[in-house]
Amino acid sequence: MIWALSGASTIASQYMIGALRAQEGGTVRWVVSGSEDHARRYAQSHDIPHSGTDLAAALEDPAVEAVYISSTNEKHHAQAMAAIAAGKHVLCEKPLALSVAEAAEMIAAARAAGVTLGVNHHLRHAGSHRAIREAIASGRLGRILSLRVFHAVHLPEHLRGWRLDNPAAGGGVIPDITVHNADTVRYLLQEDPASVIAESAVSGMGQGVEDSAMSVWSMPSGAMVFSHESFTHPHTTSGLEVHGTEGSLIARDVMAQDPKGALELITAAGRSALPFDTTSLYETAVRRFEAAARDGREASASGTDGLKSLMIALAVRDAAQSGTRQSLDYGVAS
Ligand code: NDP
């Protein structure tokens, strides 16, 4: 597929340009940035033939089939709406938008235009998470009692910009990481939280935005979910635990960008390691997105998935700020 990049970002540079080019016929034809200079230098260093500051120019190029949006979060909505209006498929970074209304508008526009809208929730494309999902779906864990997500990281120096000090750009750990936890939990349990309670904190990095949060979610099945995310933890690894009536699954180092970590299943029969596929998460995500776009199907992480993960994250922030339980109504997502 032939792509334009909207946003000359770190994630595109580190993972997504490679993932787009790894597909059959995968071509990155344009990079569009707010800065002419940055766009030109980025294009040169990544061997991208066209660059500029005018998204419309890239969208007018008939060779471009799809747009990958990885600008800062406040730009996702307008850039996606423009790409959709130009008849391009859109793979958008998370959070899909800053508000529920914006995200819903993007989904409606993509449906009306007959193009595929996806959100780059990479974790549901990890072999580790697919193996956990399979263990749950096959009944090996029995009835699920609880799920705990450990996603406290140490934000690398080079990413300590808008995420830490710019609420208008969608900064804060909740739009950044809680959305990923929400999508992962929804994917693994195949249900959406009914309500959440939460606390958030500024613990050393945030300037005007939270850098840490913990929340507890009530699931319709009765399962309890705990989600912890932070930018400020230098000495821990990520993880996830699912506990059921017949077994527990302990996943270490799996809330990650690379296909790493370890899964251990614990049942009455003992402990065993679960193997999983170690294909690149981002290559898998792009492969599935392109297949959906070609077949006119919903993406494997769809606009609706992006809307729901955003709704959950916003509910966590509201619960933390208000100190009250927040109920979730997904009517707008149906
Ligand atoms: P960066 O901070 O690297 O880049 C964001 C934007 O900042 C760029 O698109 C660019 O703006 C501008 N920028 C960066 N460097 C320069 C520079 N040297 N000169 C001028 N402008 C510059 O963001 P990330 O890559 O960390 O995040 C981008 C998006 O991707 C966010 O929405 C984030 O939430 C998401 N993300 C998703 C991940 C995933 O695994 N799914 C992982 C990491 C991020 P412009 O748009 O104008 O080019």
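In each ligand, atom 1 is the first atom listed, and ligand 1 is the first ligand listed.
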Undergrad: Residues around ligand 1, heavy atom under 4.0 Å from any ligand atom, sorted by chain and number. Can you pull those?
TA: Gly7, Ala8, Ser9, Thr10, Ile11, Ser33, Gly34, His38, Ser70, Ser71, Thr72, Asn73, Lys75, His76, Glu93, Lys94, Asn120, His122, Leu159, Trp162, Arg163, Asp176, His180, Gln257, Tyr282
Undergrad: Quick one: closest heavy-atom pair of Ser128 and Phe276, and the distance?
TA: N-CD1, 3.5 Å
Undergrad: Any ion pair linking Arg21 and Glu283 (charged N to carboxylate O, less than 4.0 Å)?
TA: no
Undergrad: Closest heavy-atom contact between Val31 and Ala43?
TA: CG1-CB, 3.8 Å
Undergrad: Can you see which heavy atom on Asp211 is nearest to which on Gly206, and at what distance?
TA: OD2-N, 2.8 Å
Undergrad: So, are Lys260 and Asp258 salt-bridged, with charged N and O less than 4.0 Å apart?
TA: no
Undergrad: Salt bridge or not for Asp305 and Arg124, using N-O below 4.0 Å?
TA: yes
